[in-house]
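Here is the structure we will look at.
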Amino acid sequence: MARDTGAAGAAAGASAGAGAGRDVAHASLVPSLDDSQIPDAALSVHDQVREYYGRILAGSDDLKTNATCCTTDAPPRYVRDVMPLIADEVMERFYGCGSPIPPALEGCTVVDLGCGVGRDVYVLSKLVGPEGRVIGVDMTASQLEVARRHQAEMAERFGFAESNVEFRQGYIEDLAELGIADGSVDLVVSNCVINLTPFKEQVLREVYRVLKPGGELYFSDVFCDRRMPDELRDDPVLRGECLGGAIYLEDFRRMMARIGWPSWLCTVVDDIHVSDLALETKLGFTGFTSRTVRAIKAAGLEDRHENWGQTARYLGTIPEMPRYFDLTDEIRLIKGRDVAISGNMAEMLAQSRYGRHFDIRPRGAHRGAFDFARAQDAVEARRGKKAVDGEYLDAALARIGAPSFAERVDAPSVLTAPEGNAVLQANITYACNLACRHCYLECSPRSDQMMSRATMEALLDAYDAGGFTTLDVTGGSPELHPDFPWFLAEAARRVRARGGKLIVRTNLTLLDQPEYAHYLDDYAAAGAVITGSLPYYDSSAADAQRGRGVFERAVRVIRQLNERGYGVAGARTAGAGDGATGGEERATLTLDLVYNVSGPFLPPPQDLLADLYHEELARREGIAFDGLFAFNNWPLGRFAHDLLDAGLFDDYLRLLVDNFNALAVQRMMCRDQVNVDVDGRLYDCEVNHVLELPIQLPADPADPEGPTRDATVADLARGPLPARALRTNPVCYSCAAGFGSSCGGSLVHEREA
């Protein structure tokens, strides 16, 4: 093919910059083509192309579109650095639509399809070095004549003892005829040439044949967004301008799959604009893009990019690109940073000459179709570089087209907490002996966040003065707080004095350790209601969510609690564990269990779950309990990371929004509780800890409309809080979805739904 197509050279790059800011969406009003500029329609396709580039075009200024000089980006630096060494005549006869010259070419054998006057061949010659080899293929003798007469000159300019390039005249559809053997080539490049041949699939089959395993096809060409009618494809000027032979993207995908490339990548995508009024009128609504395609001859590729949780870390060892490597037009692999890649991308990198320059994470569990933005969010979240915070949640809500929670409720009175509340909930530590996948607070053995003794004393004073009936103690694992024995005894004394209720939330497993086993008796002596987490009634499901051996340890502790009177005489009424009377035989010592879903779905009806738990735990383990609480999961913390990792964050948020239950809103726990964080600040709920949304009070009580400050336990020690507007956020949809969710389980029961 009589073309030298590629990224715009130094001159083309400069002209693109000079034209920045012009309106390129409309054709320039230039005269239509005269007869001298139109190839003879009676000629063959090959001869029409040969005539267009050999006789009609004297240079790139004669082109009628930017299809062959359309790149908006300058070629990479390692290409630009070579261009000043290229002979002027070669540069002047250059036409191109991209920059199909990848890095890491030292010692490679390269074939340039449609090399024309050889600009890209000579750039490649310098990059492969004296140990490499470059073969330029073109069908036009006049173009190759220009290329060959600079062969010795270019070798001398590059400092080579002899030329490492050769030019072969022939057709790119038949590389075998030109003596290029099977599996003998590391890289094939092409610069806006494949569109010119009517035998595109044959060209690509030849490329696949000559490439070594792990070899690369890297080419720039023109693509269109629909199949064009024959009269446009047969137009000799449109063909010469690379538009008539433009490749419909979906047909290209199917063609590549038939050949053996089920998957490939685009490294550059640019729009093409027509600069001739007559051509623009002919083309109508057809849209064109210039694309640079990277296809690696790799085994084991799937027909779509799938997410297997893999990342690639660039080592920075490609000399031309010490800081980053552009894998696609969307994915830049930065040195030393884990970047999400699909399974196919991992195989392409690993099997190619690029493989030694990357650390690639092995394939994990399948996460569905690969979406780079979502997959990279998961990587950043795992590295602690991206937080699922209020801003991220608001953006996710906008992505799925959902209103804010306050807008959805549209009832300010419902989202108002009255003066005085019944429940005071206290997070006294984030330390925990487990690191459960559903934990939105991200409690773990590594956490050292604990409430001070002074704040704990103020908390107990606040319980007395704030008008509360229930004190709900949680964490983390409350038992890990060094002052918990004192706090438990003092809390029990004050709760009894008020005729209230003391709840302690525990994961149960810590009580299986000898140094913490005394709390079994301490809880009984305090009359505390125990709320224990048991995500399922068998070991396989429970351990998968919370860790190996968790179920067995929890069951041992429940059995010991039963021996002390916990849960053994309680009524079997679902949801009765909220402290309300569940029957005449209600146990004095209450043991409630908690079910957490393990994935991005809502729990089944709480009463049905309770019946199933009672039956299965009694039959399998011989243990008993009172109520069962079914919790929705909040899209924060580790559960949010798992959602991101699975590519399901937006889907889960949409599930919550789609299952909004107005009845659950009226019963949300934030309407009748105050939550205290480890630092003594007050919140409407635990979720607002994570989102940094503390309760606000007027900085000056005399100016209720003026500036505000964060509320603390010191405010509660002076009496109940005034009525306040609740601080809502997208996570509130979790509390209001399906049967609703609170620290006391479902808010709506099946008989009400």
Side-chain angles (χ1 to χ4, degrees), residues 423-436 439-464 466 468 470-497 500-533 546-547 549-550 553-554 556-557 560-561 564 566 589 591 594 637-638 674-683 686 689-690 712-714 716-717 743:
V423 179
L424 181 63
Q425 186 179 67
N427 288 72
I428 65 171
T429 180
Y430 291 138
C432 186
N433 63 311
L434 303 177
C436 303
C439 184
Y440 59 93
L441 294 172
E442 299 189 86
C443 301
S444 77
R446 294 194 299 267
S447 178
D448 58 2
Q449 287 185 280
M450 294 189 181
M451 187 177 285
S452 69
R453 177 71 173 253
T455 302
M456 296 173 89
E457 291 171 346
L459 170 69
L460 294 172
D461 291 340
Y463 173 78
D464 286 335
F468 300 101
T470 298
L471 180 59
D472 186 348
V473 184
T474 184
S477 297
E479 299 93 345
L480 289 174
H481 197 298
D483 288 327
F484 187 59
W486 160 81
F487 181 79
L488 176 65
E490 182 62 16
R493 183 184 68 79
R494 299 202 188 199
V495 168
R496 286 196 195 99
K501 179 172 65 172
L502 174 63
I503 300 173
V504 178
R505 298 181 185 270
T506 177
N507 65 47
L508 297 173
T509 63
L510 192 65
L511 304 179
D512 191 48
Q513 298 181 26
E515 62 267 40
Y516 298 102
H518 66 89
Y519 282 114
L520 295 168
D521 294 319
D522 294 345
Y523 287 148
V529 174
I530 296 179
T531 300
S533 182
R546 313 201 73 180
V550 164
R553 285 180 283 161
R556 279 201 298 266
V557 170
Q560 294 179 69
L561 288 170
R564 288 161 173 79
Y566 271 101
L589 296 176
L591 171 62
V594 172
R638 292 194 197 95
V674 175
N675 188 279
V676 187
D677 198 5
V678 291
D679 62 1
R681 287 191 294 172
L682 307 183
Y683 296 81
E686 273 188 320
H689 291 180
V690 181
T712 71
V713 287
L716 280 176
C743 289

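Nothing fancy with the numbering, it's 1 onward along the sequence.
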Minimum-distance pair of heavy atoms, taken over all atoms of [X] and [Y]:
| X | Y | value |
| --- | --- | --- |
| Val713 | Ala458 | CG2-CB, 3.7 Å |
| Leu502 | Ala526 | CD2-CB, 4.5 Å |
| Tyr566 | Ile530 | CZ-CD1, 3.6 Å |

**Item:** side chain to side chain donor-acceptor pair (under 3.5 Å) partners of Tyr430, counting only residues at least two apart
**Value:** Asp677, His689

**Message:** Before you tell me yes or no, could you show the steps for Gln560 and Leu511 under side chain to side chain contact (heavy atoms under 4.5 Å, CB included), namely the whole-Å CA-CA distance, both residues' side-chain angles and the distance that decides it to 0.1 Å?
**Reply:** CA-CA 10 Å; Gln560 294 179 69; Leu511 304 179; over 6 Å; no

**Message:** Are Val423 and Ile503 packed together at the side-chain level, in the sense that at least one heavy-atom pair is separated by less than 4.5 angstrom?
**Reply:** no

Between [X] (side chain) and [Y] (backbone), is there a donor-acceptor pair under 3.5 Å?
| X | Y | result |
| --- | --- | --- |
| Thr429 | Gln449 | yes |
| Tyr523 | Val504 | no |
| Ser477 | Glu479 | no |

**Request:** Would you tell me whether Thr474 and Gln425 have side-chain atoms, one donor and one acceptor, within less than 3.5 Å of each other?
**Result:** no

**Prompt:** Is a side-chain donor-acceptor pair under 3.5 Å present for Glu686 with Asn675?
**Reply:** no

For residues 480-493, which side-chain N or O atoms pair as donor and acceptor with protein atoms under 3.5 Å away, sequence neighbours left out?
| unit_1 | atom_1 | unit_2 | atom_2 | d |
| --- | --- | --- | --- | --- |
| His481 | ND1 | Asp483 | N | 3.0 |
| His481 | NE2 | Met451 | O | 2.6 |
| Asp483 | OD1 | Arg453 | NH1 | 3.4 |
| Glu490 | OE1 | Arg493 | NE | 3.2 |
| Glu490 | OE2 | Arg493 | NE | 3.4 |
| Glu490 | OE2 | Arg493 | NH2 | 2.4 |
| Glu490 | OE2 | Arg494 | NE | 3.0 |
| Glu490 | OE2 | Arg494 | NH2 | 3.4 |

**Request:** Step by step, work out the side chain to side chain contact (heavy atoms under 4.5 Å, CB included) result for Leu716 and Phe468.
**Result:** CA-CA 10 Å; Leu716 280 176; Phe468 300 101; 3.9 Å; yes

**Message:** By the salt bridge (Lys or Arg N to Asp or Glu O under 4.0 Å) test, which pairs, at least two apart or in different chains, include something from residues 505-532?
**Reply:** Asp472-Arg505, Asp512-Arg556, Asp521-Arg564

